Amino acid sequence: MSTENSPNDELLMVIDDTSDSIPQRSRTLCWRILIVDDDKDVHIATELTLNDLSIEGRPLEILHAYSAKEAESVLQQEHDVSVILLDVVMETEDAGLQLVNTIRNKLNLSSIRIVLRTGQPGYAPELETIQKYDINDYRTKSELTRIRLFTILTSAIRAYRQIQQQQTMRQGLESVVKASTELAHIHGMRLFAEGAVKQISALIQTEPDGLICAQEGILDDNNGAQVIAASGRYRDLVQSPIDNIQFEDIKQRLTACLKEKRSLFDDAITLYFSTEQGRGLAAYLDTDQPLEATDRHLLEVFCANISVGFDNVLLYNRLEEQAYIDPLLNVPNLNYLLKYLCSPRTDEKSSTLALIDLDDFSSINDSFGHAFGDCVLKEVIERLTEQFPRCFLARVSSDVFALIGLESEVSSSQIIETFKDDFTIGVQPFKLSASIGLVKLVERTEELTGLFKDAQVALKQAKVHKRGGAITFSQDMGECARDRMQLLTQLRVSLTQNALFMMYQPKYHLSSGKITGMEALLRWRNDDGDLVPPDRFIPLAEQSGMMLTIGAFVIQRSCEQLKQLNDAGYNDICMAINISPVQLEDSGFASLLEYSLKSTGIEPKQLELEITETMAANNLDYICNVLDKVRALGCKVAIDDFGTGFSSLSVLHKLPATRLKIDRAFVDAMEDDDSIAKMIVNLGQTLGLEVTAEGIETQSQLAKLRAFGCEEGQGWLFAKAMNLDDFQALLEQDKQK
Ligand code: C2E
Ligand code: MG
Ligand code: MG
C-alpha cells in the first residue's frame with residue numbers, strides 16, 4: 001500500500017499501517033509539481049509559464065530533475081508531489097517511459113499524476129502504455145501553451161486529490177476495523193474505554209488527550225455518571241464523577257452529549273456511544289482544529305463499531321457475573337474464590353483463608369423451610385461483611401463461606417465471636433454456630449488452589465472433632481489427607497475388582513472347647529498384594545459414603561458362605577457380622593438384611609449382628625428401632641468391644657442386645673488386673689446376656705475366663721481368622737472331638 005502523505009489539509013487522515021507510530025498531520029499548503037526534462041530551457045520556460053499561477057486556491061511549488069535517474073531520487077526524498085511533467089526522451093529514447101514504470105511499480109506512488117511531454121510527435125507512447133501506467137495526458141511540448149498547461153495541471157491536480165481522498169478514506173476505514181478488532185478482545189469496561197480513547201486519537205491523529213464518561217447504570221458500581229477512562233492531560237480525572245470535572249467546557253459538552261444522545265463536533269470532539277441498555281457513554285477529545293467531513297464520517301463509523309464493542313463488554317461482564325457471583329447472596333462464588341487465589345496479591349504472605357461451615361444447616365432447612373434457610377444465609381453474610389469489612393468474602397457451597405484477610409483479622413477467635421450473638425431471622429432470635437477450617441496462605445505448597453483443599457481438610461477435621469470451633473491446617477494433616485485420598489481411590493477400584501473378601505475367626509464354647517460359630521471379618525488385598533487392616537480402611541469407607549456398598553457386600557457374601565457350610569452339613573453354627581453405624585442409620589438396612597437372608601436361605605437365628613456401644617449411644621431411639629426390626633426378623637445382636645465406650649447402664653438396658661463382647665484390651669490386661677473382665681461377665685449374667693471374650697491369647701486368660709463363667713471366646717490361642725475352606729476343615733476336625 002502507498003504511504004504517500006496527503007498534500008491537502010482537507011484530508012486529515014493518513015495512517016501508516018506499516019508502522020505503529022501515529023504520523024502527524026502534514027499540511028502542505030501548495031501543490032508540488034515536478035518537471036523532469038533533460039532540456040534546461042524547458043525547465044525555465046515551464047517555470048515561467050506557471051509563475052504566479054494558483055490552482056484550487058493554492059500556489060504551485062516547482063521541483064526539477066534533469067534525468068530519469070535524478071527524478072527517481074527526487075521522488076524518493078520528496079513527498080507530496082502531485083503532478084509530474086515528464087519528458088519522454090532523455091538519457092535514452094524511452095527514459096521517460098521507464099521512469100513511469102519505476103514510479104508506479106518500484107516507488108509504488110499510485111496517486112501522482114503524470115503528464116508526458118515530448119518534442120517529437122513520433123515518440124508518443126502506445127495507448128496501452130498510457131493505460132497501463134496510469135498516464136494522465138500526453139502532449140507535444142509545442143501544444144502546451146500557458147492556458148493549456150494550466151487546464152491540464154488543474155485536471156491532474158483534481159484527479160490527484162480525488163485519488164488521495166479515496167486512499168485516505170480506505171486507510172481510515174482499515175484503521176477503524178483494526179481498532180475495533182483490537183478492542184474486541186478486551187473485556188474490562190475500563191480497559192476497553194481506555195483503548196477506545198487511544199484509538200480515536202490515532203484515527204484523528206492527535207495526542208491521546210481525552211476521556212470517556214459512562215452514564216449511570218452502565219457500570220456495576222452504579223455511582224452515577226463518571227469518568228471511566230482518561231489519558232494524557234486528563235489522566236487524573238479517572239473515576240471522578242462527571243460533576244467534579246473542573247474544566248467547565250468539557251463538563252458541558254459531555255453532559256449535552258449524553259443528554260442529547262449524539263456526537264458533537266465543534267472546537268473539540270465529543271462522541272456519543274449508545275448501548276443496548278439505552279444508556280450511553282461519551283468520549284471527549286481535544287483537537288487542535290475542526291474536523292473535516294471525511295474524519296467525521298470515519299468517526300461515526302468508528303462510534304457505531306465501538307458501541308457494539310461496549311455492548312459486548314457489558315454482555316461479557318454480565319456473563320462473567322453469572323459465572324462468578326452467587327445469585328442468592330450477590331457475593332463471589334467458588335469460581336471467583338479460586339480465581340482470586342490464583343491472582344497475584346501482595347498481601348499473600350500474612351493472609352489467612354478461612355472456610356466457615358454452618359452447623360446443622362440442612363436440618364434448619366428441613367425444619368423451617370428453604371425460604372427461612374435463605375434468610376439465615378443472608379443474615380450470616382451480612383454479619384460477616386460487617387465484621388470483616390476489609391476481607392474477601394465468598395460463598396463456596398450451600399452453607400460454606402470463605403474469608404480471606406490479614407492473619408490479624410481472620411482469626412479463629414474473631415470468627416467464632418461473630419457467631420456468639422443470636423442472629424435475627426425475621427423477628428425471631430436464632431442461635432447459629434459454625435465449624436471453621438483455616439489455612440495460612442504462607443503455608444501454600446505447590447499450587448494455589450491447593451490452599452482451598454487444605455482449608456477443606458482443616459474444615460473437615462473441625463466438623464468431626466471440633467464442631468462449633470476452628471482448626472488450623474497443618475502440613476501433617478495434608479499428608480494424612482492425601483494418603484487417605486489415595487487409599488480411598490484404591491478402595492473404590494478394589495470394590496469393583498473383587499479384591500475384598502471375607503475371613504472367618506472361629507468362636508469357641510470355653511468349657512467344652514467346641515466351635516460355636518465364627519466372626520466374619522473383612523479383608524482387602526490391595527494392588528501391591530498387601531492386606532490392608534480393616535481398622536484402616538473401614539473408617540475411611542464410612543466417611544466417604546462407600547460403607548453402604550461395602551456393608552451390603554459383607555452381609556451378602558458372609559450369608560452365601562455360611563450357606564455353603566450349611567449345605568456341607570454344618571447347620572447349627574452361628575455367624576457374627578460386624579455392622580457399621582452408617583449401615584444401621586440407613587433406612588434400607590432391615591430390608592437389605594432380610595433380602596440377604598431370603599436370597600441365601602439362611603436361618604435368621606444363625607446370624608448375630610455386632611454393633612458398638614458408642615454407635616448405639618449416639619442415636620439411641622433410632623438404633624433401638626432398627627435393632628428391634630432385626631430382632632423381629634429373628635437375628636441376634638451383640639455389643640462389640642464392650643467396656644470401651646461410654647454408654648450408661650440405662651443405654652444397655654434399652655438396647656435389644658443378646659450378647660456382650662468383652663473388648664480385647666480387657667482380656668489383654670487380665671494378667672495384671674482381671675477385675676473389668678470379671679465385672680463384664682457378671683454384668684452380662686445379671687442382664688441375662690451371653691458373654692464372649694475377644695482376643696484370648698494365653699492359657700491363663702482362658703482359665704480365668706472359664707472360672708468367671710464366660711461361655712464363649714475367640715482369639716489367637718485357638719485360631720486366627722481364616723478363609724472358608726480352612727474354616728470348613730477346622731469344623732470337620734471339631735466334629736471329631
Ligand atoms: P472386632 O469386631 O473387634 O474384630 C476383632 C478383631 O480382633 C479382628 O481384627 C481380629 O482379627 C482381632 N483378633 C481376634 N483374636 C485376636 C487375638 O487373639 N489377638 C489379637 N491381637 N487380635 C485378635 P480385624 O479383623 O483386624 O478387625 C478389626 C476391626 O475391624 C473389627 O474389630 C471390626 O471392628 C472391624 N471390622 C472387621 N471386619 C468388618 C466388617 O466386615 N464390617 C465392619 N463394619 N467392621 C469390620
Ligand atoms: Mg467384631
Ligand atoms: Mg471387637
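Model, not experiment: these values are computed from the prediction. Whatever order the structure lists them in is the order used to number ligands and atoms, beginning at 1. The chain is numbered in sequence order, starting from 1. Because only heavy atoms are used, hydrogens play no part in the values below, and waters and symmetry mates are left out as well, while side chains stay in.
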With respect to the Mg ion (ligand 2), what is the nearest N, O or S atom of Glu519?
-> OE2

Report the member of Arg664, Arg557, Met547 with the shortest heavy-atom distance to atom 22 (N) of ligand 1.
-> Arg664

Taken in chain and number order and not counting sequence neighbours, the residues that satisfy salt bridge (Lys or Arg N to Asp or Glu O under 4.0 Å) with Lys514 are none

Compute the shortest N/O to N/O distance between Gln583 and ligand 1 and return yes if it is under 3.5 Å, no if not.
-> no

Say whether Gln387 and Gln414, considering side chains only, have a donor N or O and an acceptor N or O under 3.5 Å apart.
-> no

Determine, for Lys636 against Glu608, whether the closest basic-nitrogen to carboxylate-oxygen distance falls under 4.0 angstrom.
-> no

Which atoms of ligand 1 sit under 4.0 Å from any heavy atom of Arg523?
-> 11 (O), 25 (O)

Between Glu379 and Arg383, is the closest basic N to carboxylate O distance under 4.0 Å?
-> no

Under a 4.0 Å heavy-atom limit, does Ile550 contact ligand 1 with its side chain, its backbone, both, or neither?
-> neither

Can we say Asp374 and Lys378 salt-bridge, meaning some charged N sits less than 4.0 Å from an Asp/Glu carboxylate O?
-> no

Does a side chain donor of either Asp673 or Ser675 reach within less than 3.5 Å of an acceptor in the other side chain?
-> yes

Taken in chain and number order and not counting sequence neighbours, the residues that satisfy ring pair (Phe, Tyr, Trp, His ring centres under 6.0 Å) with Phe423 are Phe419

Under 4.0 Å to a heavy atom of Gly715 - the qualifying atoms of ligand 1, by number = 15 (N), 18 (O)

Sub-4.0 Å heavy-atom approach of Glu519 to ligand 1 | yes

If you measure from each non-hydrogen atom of Gln505 to ligand 1, which part falls under 4.0 Å: side chain, backbone, both or neither?
-> side chain

Pick, from Trp524, Phe537, Trp716, the option with the minimum heavy-atom distance to atom 18 (O) of ligand 1.
-> Trp716

Proximal candidate to atom 27 (O) of ligand 1 [heavy atom criterion; set Ala721, Ala520, Ala665, Pro534] | Pro534

Determine whether the side chains of Asp527 and Gln490 contain a donor N or O and an acceptor N or O closer than 3.5 Å.
-> no

Geometric class of the Phe537/Trp524 ring pair [parallel <30°, tilted 30-60°, perpendicular >60°] = perpendicular

For Ser700 and Glu671, test the side chains for any donor-to-acceptor distance below 3.5 angstrom and give the result as yes or no.
-> yes

Quick one: does ligand 1 sit under 4.0 Å from the side chain of Thr612, the backbone, both or neither, non-hydrogen atoms only?
-> neither

Which ligand 1 atoms are under 4.0 Å away from a heavy-atom of Asp641?
-> 3 (O)

Is the shortest distance from a heavy atom of Met503 to ligand 1 less than 4.0 Å?
-> no

For the Mg ion (ligand 2), the closest N/O/S atom belonging to Asp640 = OD2

Check each of Asp535, Asn578, Leu717 against atom 43 (C) of ligand 1 and report the one with the nearest heavy atom.
-> Asn578

Between Arg664 and Glu694, is there a side-chain N and carboxylate O pair less than 4.0 Å apart?
-> no

Where on Ile538 is there a heavy atom closer than 4.0 Å to ligand 1, on the side chain, on the backbone, on both, or on neither?
-> side chain

Side chain to side chain, Val396 and Phe401, heavy atoms closer than 4.5 Å = no

Can you list the ligand 1 atoms lying under 4.0 Å from a non-hydrogen atom of Ser580?
-> 44 (N)

Using distance alone, determine whether Gln714 and ligand 1 share an N or O pair under 3.5 Å.
-> no

Check whether any N, O or S atom of Glu610, backbone or side chain, sits closer than 2.8 Å to the Mg ion (ligand 2).
-> yes

Report, in ascending order of atom number, the atoms of ligand 1 lying under 4.0 Å from any heavy atom of Asp640.
-> 1 (P), 2 (O), 3 (O)

